[in-house]
Amino acid sequence: MFSDALRRDAARIGAHLDEVLAKEPDLPVIHGMRYAVSGGKRLRGFLVMEGARLHGVPEAQAIWPAAAIEAIHAYSLVHDDLPCMDDDDLRRGLPTVHRKWDDGTAVLVGDALQTLGFELVLDAACHADPVVRADLALSLARASGHRGMVLGQALDIQAETAETPLTLDQITELQAGKTGALIVWSAQAGARLAQSDLKPLTDYATALGLAFQIADDILDVEGDETTVGKAVGKDADRGKATFVSLLGLDGAKRRASDLVDAACDALSPYGARAQTLNEAAQFVISRDT
Ligand code: GRG
C-alpha cells in the first residue's frame, strides 16, 4: 500500500542522510544541511525506491539515488526561499535556512546539498558498474541544471517581469523543468540501475510531474483563505499565470485528474506490480500539503 511504502521509505531515506552527514565538523553549514534535508513528504525519494523495487534492484543500492534526489530537492528549496528569490520565512512549518542562520549560510547549504547529491549517486555502493553510476550522475545533472530545474526557475523569474502573463504552453514548459525534471529523474532511477527500458516510467512521471504542479496551484488557492472565492492564489496575485488562472479551478482539477489517468496508463507494461505507483499518482492530486 502506498502510504505504508511512503512512510517506510521516508524513514529509511532520512536515516541514510543522517548517517552520511553524521561525522562532519560542528559548523553552521553542516547543521543547516541536516536541517534542510529533514522532513518533507519524500515523494521523489519514494519514486526512486518504488521504481527500483519494480525492477528487482536491491534497496541497499536504491537508497543512494533516493537520498541524492532528496538532497538536490532540498538544495532547490533552500535557494528558492532566499530573499533574492521567493523570500520565504517558513518551509515545512519551520523557519527557512536563511532565517534560522543567515543568507550566506543558506547559499552554502544549498551548494553543499547539490554537490552531495552527485557524490551519493557516484558512491561505489550505489552500483558496481561505474558506467551505470556515471549515467545516473549525467542524467541528474541534466535534470537539475540549465536544461531542467534551473531552466524552469529561470523562466519563472523572467515571467515575473514579463509584460504579458504566460500562455498554457509556456507555463507547461516552465513547470516541466522547475518541478517535472526531478520527478522524471526520480521515477527513472530504478530502471537506470537495472539498465532497463526507461519509457514507461518516463511517461508516467512526465504526466505525474505536471499533475503535481497543477495540484500545487490548486492548493495555493484552496489552502489560502484570503484567496478562496477569487480562484487565483499567491502567484496569480503577483500577476503570474498559474494553471488555475489559465484553466479555472474546475478546469485545473479536470486536467490534473486526466494526467493521473495518463500516468497510470503508462504503467500498463508492469500490470498489477504498478499498483503502488498508481496509488502514488492519486495521492499527488488529493494531498493537502
Ligand atoms: C532555486 C534552482 C532553484 C530551483 C527552485 C523546486 C523549485 C525550483 C522551487 C520550489 C518552489 C515551489 C514551492 C514549487 C512548487 C512545487 C514544489 C517543488 C513544491 C515542494 O515540493 P514538495 O511538496 O515538498 O514535494 P516537500 O516539503 O514535501 O519535500
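- At a threshold of 4.5 Å between non-hydrogen side-chain atoms, the residues V284 and L43 count as touching.
- Under the side-chain contact (heavy atoms from CB on, under 4.5 Å) criterion, T172 pairs with L168, L210, F243, sequence neighbours left out.
- If you take CZ on R8 and CD1 on I13, they are separated by 11.0 Å, rounding to the nearest 0.5 Å.
- For the pair L193 and A62, the tightest heavy-atom approach, listed with the atom from each and the gap, is CD1-CA, 4.1 Å.
- With hydrophobic clusters built from ILVMFWY side chains whose heavy atoms lie under 4.5 angstrom apart, L174 does not share a cluster with V184.
- Annotation: R34, atom CZ; neighbour count of heavy atoms from other residues, nucleotides and ligands within 6.0 Å is above 12.
- Heavy-atom minimum distance, P25 versus I30: O-CG1, 3.4 Å.
- There is a path of hydrophobic side-chain contacts, each under 4.5 Å, that joins V150 to L140.
- No more than 12 heavy-atom neighbours from other residues, nucleotides or ligands sit within 6.0 angstrom of CZ on R255.
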Quiz item: Does the side-chain contact (heavy atoms from CB on, under 4.5 Å) test come out yes or no for V20 and H16, once each step is laid out?
Solution: CA-CA 6 Å; V20 165; H16 193 77; 4.0 Å; yes

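- Counting only heavy atoms from C-beta outward, the side chains of D220 and V244 never approach each other to under 4.5 Å.
- The main-chain N or O of T96 is never found under 3.5 Å from a side-chain atom of R91 such that the two would form a donor-acceptor pair.
- Taking the ring axis of F212 as reference, the NZ or CZ atom of R287 stays within 45° of it and closer than 6.0 Å to the ring centre.
- Across Y204 and A263, no two heavy atoms sit closer than the pair CD1-O, 3.3 Å.
- Within the structure, the ring pair (Phe, Tyr, Trp, His ring centres under 6.0 Å) test picks out the following pairs touching residues 254-289 (sequence neighbours left out): F2-F283, H55-Y270.
- Separating the OG1 atom in T179 from the NE2 atom in H73 is a distance of 10.5 Å, to the nearest 0.5 Å.
- Taking CD1 from I171 and NZ from K240, the interatomic distance works out to 8.5 Å, rounded to the nearest 0.5 Å.
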Quiz item: Does the salt bridge (Lys or Arg N to Asp or Glu O under 4.0 Å) test come out yes or no for K199 and D203, once each step is laid out?
Solution: CA-CA 6 Å; K199 187 166 176 2; D203 291 348; 2.4 Å; yes

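- Annotation: side chain of R92 is in contact with side chain of L77 (closest heavy-atom distance under 4.5 Å).
- A continuous path of ILVMFWY side-chain contacts below 4.5 Å connects L267 to F46, so both sit in one hydrophobic cluster.
- The closest side-chain heavy-atom distance from W185 to P65 is below 4.5 Å.
- Note on L151 and M85: separate hydrophobic clusters, where clusters join Ile, Leu, Val, Met, Phe, Trp and Tyr whose side-chain heavy atoms are under 4.5 Å apart, directly or indirectly.
- To the nearest 0.5 angstrom, L208 atom CG is 12.0 Å from Q213 atom CD.
- When all heavy atoms of A207 and A262 are compared, the closest pair comes out as CB-CB, 4.4 Å.
- In the hydrophobic clustering of this structure, L27 groups with V78; members are Ile, Leu, Val, Met, Phe, Trp, Tyr whose side-chain heavy atoms approach within less than 4.5 Å, directly or through other members.
- Proximity of L201 to L277: side-chain heavy atoms (C-beta onward) are separated by under 4.5 Å at one or more points.
- Residues E222 and K253 have side chains in contact (heavy-atom distance under 4.5 Å, counting atoms from C-beta outward).
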Give the table of side-chain donor-acceptor pairs shorter than 3.5 Å for residues 104-125, with sequence neighbours excluded, one pair per line with atom names and distance.
unit_1	atom_1	unit_2	atom_2	d
T105	OG1	D102	OD1	3.0
T105	OG1	D102	OD2	3.2
T115	OG1	D111	O	3.2
T115	OG1	A112	O	3.1
D123	OD1	A125	N	2.9

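- Here the side chain of E24 pairs no donor or acceptor atom with the backbone of L21 at under 3.5 angstrom.
- When all heavy atoms are compared, the tightest approach of D103 to L82 is O-CD2, 4.0 Å.
- The two atoms that bring G45 and I69 nearest to each other are N-CG2, 3.8 Å, heavy atoms only.
- The distance from atom CD of E70 to atom OG of S38, rounded to the nearest 0.5 Å, is 11.0 Å.
- The main-chain N or O of A241 is never found under 3.5 Å from a side-chain atom of S245 such that the two would form a donor-acceptor pair.
- Between M49 atom CE and E59 atom CD the span is 4.0 Å, to the nearest 0.5 Å.
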Self-check item: side-chain contact (heavy atoms from CB on, under 4.5 Å) between D9 and R53, worked out
Solution: CA-CA 12 Å; D9 288 340; R53 283 190 281 272; 2.7 Å; yes

Quiz item: side-chain contact (heavy atoms from CB on, under 4.5 Å) between V97 and D81: does it pass, once the steps are laid out?
Solution: CA-CA 8 Å; V97 174; D81 289 337; over 6 Å; no

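- Between Y35 and H31, the distance separating the two ring centers is not shorter than 6.0 angstrom.
- Residues I183 and L47 are in side-chain contact: their nearest non-hydrogen atoms beyond the backbone lie under 4.5 Å apart.
- Looking at R44 and V48, their side chains never come closer than 4.5 Å, going by heavy atoms from C-beta outward.
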